[in-house]
Protein chains: 2
Amino acid sequence: MSQTASIKDVANHAQVAVGTVSNVLNYPDRVSQKTKDRVLKSIAELGFVRNDAARQLRAGQSRTIGLIVLDVGNPFFSSVARAAEDAATALGSVVLVGDSGQDASREAHYMDLFQEQRVQGLLLSPVGDVEERIDTLRERGVPTVLVDQLADTDRCSSVSVDDQEGGYLAARHLLDLGRRRLAFVGTPSIRQVSSRLEGAQRAVAEVPESTMEVLDSAGQTVLAGRQVGNALVERDPAERPEAVFCSNDLLALGVMQSLTMLRTVRIPEDIALIGYDDIDFAISAVVPLSSIRQPTEALGRTAIELLAEEQESGGTKHRAVVFTPELVVRQSTAGSPN
Amino acid sequence: MSQTASIKDVANHAQVAVGTVSNVLNYPDRVSQKTKDRVLKSIAELGFVRNDAARQLRAGQSRTIGLIVLDVGNPFFSSVARAAEDAATALGSVVLVGDSGQDASREAHYMDLFQEQRVQGLLLSPVGDVEERIDTLRERGVPTVLVDQLADTDRCSSVSVDDQEGGYLAARHLLDLGRRRLAFVGTPSIRQVSSRLEGAQRAVAEVPESTMEVLDSAGQTVLAGRQVGNALVERDPAERPEAVFCSNDLLALGVMQSLTMLRTVRIPEDIALIGYDDIDFAISAVVPLSSIRQPTEALGRTAIELLAEEQESGGTKHRAVVFTPELVVRQSTAGSPN
DNA sequence: ACTCGTCTTTGAATCGTTTCATTTGTTACG
DNA sequence: CGTAACAAATGAAACGATTCAAAGACGAGT
């Protein structure tokens, strides 16, 4: 009683064969009402709970989908995760979330773990170069969908948002305000970030006399943003950029904190500031933050859909869905456009 | 090759017995160097990956810990979850996170799921009345630790923060500012929230002429806060409270958005506002938000420690750890104290 | 050459399900 | 009354790892 009862215990207690108990659980129609009642009663009395490990072992597959994100603390990812969970639940699956924290070894750790768990599939927002590993996974029958990053459709499916376009929109917006000396804050080693940077550089290239410096941040968190912000505050005012584009809202909020802390810098008058992701907290910032909105629910939902397609096709057909980002203008970039 | 190789395949390929392969994996010392090399080579060639289901089945236990939180989107919980994950990783376990969304049926769903997975233990931030269910779990050998809620030490362990004290601190602070007509915003059906409310009421009882109305919000999110805020804005100014205490920062930020949107209400002059949790975003709000800080890392870490203790004692000894919250004063409650 | 002890290796048994070919039971019909 | 048709129940055989008693290999000591 103290230890969990097995299906065999239930069978003994209900005076039936183990197969019958299994049928009650999985194919209730095959069992007569009378037997069913008896078995269910025994299940309740013994407090029987299915052993998922045994079930999986037999089935050869779990009902589990692995999701590896760059940072669960980032509302962008928790929103994507939530959407994916909901979509998966509707299909009778469960999503396990792993947080790589932008660390390639933690990412690898979770990939190994999920492989051992024989997950149905993997949703991955990659840190490093994972193309080879994904090939391996596919060979081993673990379909993978890249999330928030475009993939070759030869290799695997992906859902993403056009980061170049988003970067372009952000920088173009800053330039349209009349700002010429821009700064980009982020960690370009992440592919999404470098795409946003490229887009921004394209916009800068279109406007004569405009420049953009790149400030590499230590991570993509509020804290990292604060550090960059402090560095900006310490600069000679003439050396400060006129506008700052942060590769996500967390960074932007951190930068904002530092800039506004000592009231030496005014936003947007002295420095216009724009983030990326349009998280819920952007609107309620000290200075409501302009941002680039991404459709998080659609990302999460589509990721699950694509995974289902991969499974159906046996991992042969891949599809890349790309959403379009949207500029959201708020006070942090208010000001007379030229 | 396309399908995953089993330990038996490896054994054949390396010309050894299955037991030897298992030993290479689990007790490398028992195996001679020569054999080990050969087996490892076969493992690499066949791309063998351990099947966790089979391992668990045999072991009777998984290396998994279940964590059910009220809302992963809430930075408070994602921070606790992160700390718990780190602590668990150090012990060689993995944390699976389930989001109940403050819904008792989703909570039950995850409890069932984790039970089927035969988790090592459960960390639970409960929505409804779970005491009975916890008794059942304990009987079935699943130790449970309540997170962010005090428990009878007869039944199970718990890590929590003194919510009454936190509520008292918040309300007392508002009263000390000279405010007399307070409002409390939250969902008192959640135990943590009702404790905070009780603490606040204790403070109000200490100050003559002071009152506090209770505004029941639909959830504990930014959106729910916005709704309450809108209702306050629509009130006749004379009917509005002089100070508002929200049972968490998300609600407070939502209320703040509504109040400051139309600039009809000034914070803190017209309404002083305080939240709870002191999430990272509180400091960078339109009006930097006063709050009650909780030690999230300590909560997560301690939860795992207590779970380990439960396991060692076989679920007989329980312990309740209670941390003390801390008032953090920012601009949203600035003003001359009386 | 033989025994003893140590170090390796073996392979059958086990964990708890699901599956499926068989057996058993029941009803209907000629 | 015999049997065909169908429904319900059975139980042995997987699934893939770990465990452990037993067997095998090998060198040292007598």
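Atoms considered below: every heavy atom in the structure, side chains included; atoms not considered: hydrogens, waters and symmetry mates. Numbered from 1 within each chain, the chains take letters A, B, ... in sequence-line order.
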> Given atom CG of A:D29 and atom P of D:dA8, what is their separation to the nearest angstrom?
Replying inline: 9 Å
>> Between A:R55 and C:dT18, is there a contact of a side-chain N or O with OP1 or OP2 at under 4.0 Å?
In response: yes
>> Apply side chain to side chain contact (heavy atoms under 4.5 Å, CB included) to residues A:R118 and B:D52 and explain how you reach the verdict.
In response: CA-CA 8 Å; A:R118 298 291 190 272; B:D52 200 54; over 6 Å; no
> Tell me: CZ of B:R50 to C1' of D:dC15, nearest whole Å?
Replying inline: 17 Å
>> Tell me the interatomic distance from A:R30, atom CZ, to D:dC6, atom P, rounded to whole angstroms.
In response: 17 Å
> Of A:V69, A:D112, A:L124, which is the lone residue that meets side chain to side chain contact (heavy atoms under 4.5 Å, CB included) with A:E107?
Replying inline: A:L124
>> Between A:V119 and A:I65, is there a side-chain heavy-atom distance shorter than 4.5 Å?
In response: no
> Does a donor on one side chain sit under 3.5 Å from an acceptor on the other, for A:Q115 and A:R140?
Replying inline: yes
> Hey, is CZ on A:R319 packed in by over 12 heavy atoms from elsewhere, all under 6.0 Å?
Replying inline: no
> What about B:R58, does its side chain sit under 3.5 Å from the base of D:dT18 through a donor-acceptor pair?
Replying inline: yes
> Which whole-number value in Å describes the distance from B:R118 CZ to C:dT17 C1'?
Replying inline: 11 Å
> Where along residues 15-26 of chain B does a heavy atom come under 4.0 Å from DNA chain D, residue by residue in number order?
Replying inline: B:G19, B:S22, B:N26
> Want to settle it: does A:L57 or A:K34 sit nearer the 5' end of DNA chain D, counting the closest nucleotide to each?
Replying inline: A:K34
> Tell me: NZ of B:K8 to P of D:dA17, nearest whole Å?
Replying inline: 10 Å
> Is any side-chain nitrogen or oxygen of A:S32 closer than 4.0 Å to OP1 or OP2 of D:dA9?
Replying inline: yes
>> Just N and O in the side chain of A:Y27: are any of them under 4.0 Å from OP1 or OP2 of C:dT18?
In response: no
>> What is the separation between atom CD1 on B:I7 and atom P on C:dT10, rounded to the nearest whole Å?
In response: 13 Å
> Should A:S93 and A:Q120 be marked as a side-chain hydrogen bond (donor to acceptor under 3.5 Å, both in side chains) after you check the CA-CA gap, both sets of side-chain angles, and the distance that decides it?
Replying inline: CA-CA 9 Å; A:S93 298; A:Q120 281 179 4; 3.2 Å; yes
> Expressed in angstrom and rounded to an integer, what is the separation of A:E116 atom CD from D:dG16 atom P?
Replying inline: 15 Å
> Whole Å only: how far is the CD atom of B:Q61 from the P atom of D:dT18?
Replying inline: 15 Å
> Between A:L70 and A:Q220, is any pair of side-chain heavy atoms under 4.5 Å apart?
Replying inline: no
